[in-house]
Amino acid sequence: MAIEFAERVRRIPSYPVASGYDLGTDVAMLASNESPFGPVPEVFEAVQRAVLGANRYPDPSYTPLRRALADRYGVPPELIALGNGSCDILLAVGEALLEPGAEVVYAWPAFSEYPHLAAASGARAIEVPLDSGERHDLDAIAAEITVATRLVLICNPNNPTSTSHSLERIAAFLEQVPSHACVILDEAYCEFSLQLGDPYASVELLRRHPNLVLLRTFSKVYGLAALRVGYALCGDAAFRQAVDVVRQPFHLNVAAQAAAVEALAHQDEVERRVTDTLAARLGLEREVRELGLWVAESDANFIWIRLPQEADEATVMTGLRERGVLVRAGASLGREGALRVTVGTTEDNRRFVTALAEAI
Ligand SMILES: Cc1ncc(COP(=O)(O)O)c(C=O)c1O
């Protein structure tokens, strides 16, 4: 007799993980929207100090990180949830809010993990197509909200299409959402967003909307993707309590916690990375457009390219891979005929453009 699995296991889509880890080190890794910059030396040192105490379980209330985030954003510590990456918090949201009969509304294509939430919980997923500029259609999303809606996911800037809405537009949308529906504003890339202005801007919205949660990560601009740290700034302490109750008690390890606290103290480095990344992105966008390809209006550290009608996405991906360039295929992200490309080092970006010109 074979093992029997829960029915939901068959429903849950597999996360489209990046490939190419087998290709060695001479590869342009432009597939996961990570930072090309490693952690600053002080972060290494903080991690080393932290692991000296690795025989003890971590502080389950994660006080230093919670306090550092509270100081930075002016949000009380009890309104801050932490997670083993922001994905950890996202999955906990699904568990805490969704069940059969409930509805979750989100734009599509958006972050690949969103479909997991409905599949795992038995809730109904309502996927709202992006507009012609590959942006969230906020009016269409608002029109889908009903008494059954428990959760609305807004990815701003949107992964995979890189587009965003201004803070004013998001604020106007929030006015349309009834207070029983929780809105997760997934701001994994907010530090890069010129539409948002700065990562403090949306925090103000929490005071007006107790049903709002800002979901953020240390995996992108802070360069800590492998350590796994995410956080949520919540409009209501009940949200944080709910996502903590459904998870294991020690969901953030000591190294991750120490690294995040230290990384937060280096905002000058964050600013430098943002400036460098945005300058490199402009160059990358220009060169790709010069190849005659359509590129979405990016507000993040990655770009979204539509391939020409006659190009076969799988063939282009193989061509790029053969030239040592890894990007993400649109088909794996919900839209065939497109590529999502992370802004990397100058050398990686150049390698990508050369490879793309040959591969299409
Ligand atoms: C929009 C968005 N949200 C959340 C995440 C999850 O990030 P992490 O779990 O590394 O914090 C990602 C990762 O790519 C993302 O693009």
Side-chain angles (χ1 to χ4, degrees), residues 3-15 17 32 43 46-70 75-100 102 104 111-123 150-151 153 182 184 186-188 213-220 222 224-264:
I3 309 170
E4 277 187 50
F5 296 99
E7 207 247 301
R8 65 177 180 279
V9 173
R10 277 194 292 277
R11 290 197 304 256
I12 297 175
S14 296
Y15 182 79
V17 286
S32 296
V43 167
V47 168
Q48 278 175 328
R49 282 195 300 278
V51 293
L52 286 174
N55 53 315
R56 303 283 179 205
Y57 284 106
D59 163 9
S61 61
Y62 312 110
T63 308
L65 180 54
R66 214 185 281 287
R67 198 178 301 126
L69 286 165
V75 172
E78 61 274 16
L79 292 179
I80 301 176
L82 301 173
N84 180 33
S86 57
C87 259
D88 181 38
I89 302 174
L90 200 55
L91 295 184
V93 172
E95 214 174 322
L97 273 80
L98 299 180
E99 58 197 344
V104 48
F111 182 39
S112 334
E113 198 62 9
Y114 297 166
H116 180 115
L117 272 59
S121 62
R150 289 265 176 87
L151 183 61
L153 299 162
C182 173
I184 302 277
D186 186 341
E187 299 191 311
V213 174
L214 308 180
L215 186 66
R216 296 179 174 187
T217 182
F218 283 88
S219 299
K220 307 299 174 184
Y222 288 98
L224 300 180
L227 284 176
R228 316 297 302 124
V229 197
Y231 63 99
L233 305 175
C234 320
D236 187 337
F239 174 91
R240 187 203 134 198
Q241 283 151 13
V243 292
D244 280 354
V245 128
V246 297
R247 289 182 297 167
Q248 58 154 332
F250 302 107
H251 45 249
L252 191 58
N253 71 68
V254 282
Q257 200 186 156
V261 171
E262 188 60 40
L264 271 179

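Note that these values count all heavy atoms, side chains included, but never hydrogens, waters or copies made by symmetry. In what follows, residues are counted from 1 in the order of the sequence shown.
- Within the model, atoms OG of Ser121 and NE2 of His116 stand 9.0 Å from one another, a figure rounded to the nearest 0.5 Å.
- With Arg216 contributing its side chain and Glu187 its backbone, the two residues share no donor-acceptor pair below 3.5 Å.
- Gly94 and Leu117 get closest at one heavy-atom pair: CA-CG, 3.9 Å.
- For CZ of Arg67, the number of neighbouring non-hydrogen atoms (other residues, nucleotides, ligands) closer than 6.0 Å is 12 at most.
- Applying the salt bridge (Lys or Arg N to Asp or Glu O under 4.0 Å) test to residues at least two apart or on different chains, the pairs with a partner in residues 225-250 are Asp88-Arg247, Arg240-Asp244, Asp244-Arg247.
- Ring pair Tyr231/Phe218 is tilted by interplanar angle, where 30° to 60° counts as tilted.
- Ion pairing between Glu99 and Arg150 holds under the 4.0 Å rule for side-chain N and carboxylate O.
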| said: Assess the residue pair Leu91 and Val246 against the criterion (side chain to side chain contact (heavy atoms under 4.5 Å, CB included)); give the C-alpha distance rounded to whole Å, side-chain angles, the decisive distance to 0.1 Å, and a yes or no. | reply: CA-CA 10 Å; Leu91 295 184; Val246 297; over 6 Å; no
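- The shortest side-chain heavy-atom distance between Ile12 and Pro115 does not fall under the 4.5 Å cut-off.
- Nearest heavy atoms, Ile89 versus Leu82: CD1-C, 3.8 Å.
- Atom CD1 in Ile184 sits 8.0 Å away from atom SG in Cys234 (nearest 0.5 Å).
- For the side-chain contact (heavy atoms from CB on, under 4.5 Å) with Tyr114, the qualifying choice from Val104, Leu90, Leu151 is Leu90, the only one to do so.
- Residues Glu113 and Tyr15 have side chains in contact (heavy-atom distance under 4.5 Å, counting atoms from C-beta outward).
- Scanning both residues, Leu65 and Ala260, for their nearest heavy atoms gives CD1-CB, 3.8 Å.
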| request: Go through Tyr62 and His251 one step at a time and tell me if the ring-ring contact (aromatic ring centres under 6.0 Å, His included) criterion holds. | output: CA-CA 10 Å; Tyr62 312 110; His251 45 249; 5.3 Å; yes
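- When all heavy atoms of Ala46 and Glu262 are compared, the pair lying nearest together is CB-CB, 3.9 Å.
- For the side-chain hydrogen bond (donor to acceptor under 3.5 Å, both in side chains) test, residues two or more places apart in sequence or in another chain that qualify with Thr217 are Ser219.
- Note that CZ of Arg66 and CD of Gln257 are 9.0 Å apart. Values are rounded to the nearest 0.5 Å.
- Atoms CG and CG, on Leu69 and Leu79 in that order, are 12.5 Å from each other to the nearest 0.5 Å.
- Of the inter-residue distances, the one linking Leu215 atom CG with Leu153 atom CG reads 9.0 Å to the nearest 0.5 angstrom.
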| said: As a quick check of understanding, evaluate side chain to side chain contact (heavy atoms under 4.5 Å, CB included) for Leu264 and Tyr222, giving each step before the final call. | reply: CA-CA 8 Å; Leu264 271 179; Tyr222 288 98; 3.5 Å; yes
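- The heavy-atom pair separating Leu252 from Gly83 by the smallest distance is CD1-O, 3.5 Å.
- For the pair Tyr57 and Val254, the minimum side-chain heavy-atom distance is 4.5 Å or more.
- Leu224 CG to Lys220 NZ: the interatomic distance, rounded to the nearest 0.5 Å, is 12.0 Å.
- Summarising the geometry of Ala255 relative to Val47, their closest heavy-atom pair is O-CG2, 3.7 Å, with the distance given to 0.1 Å.
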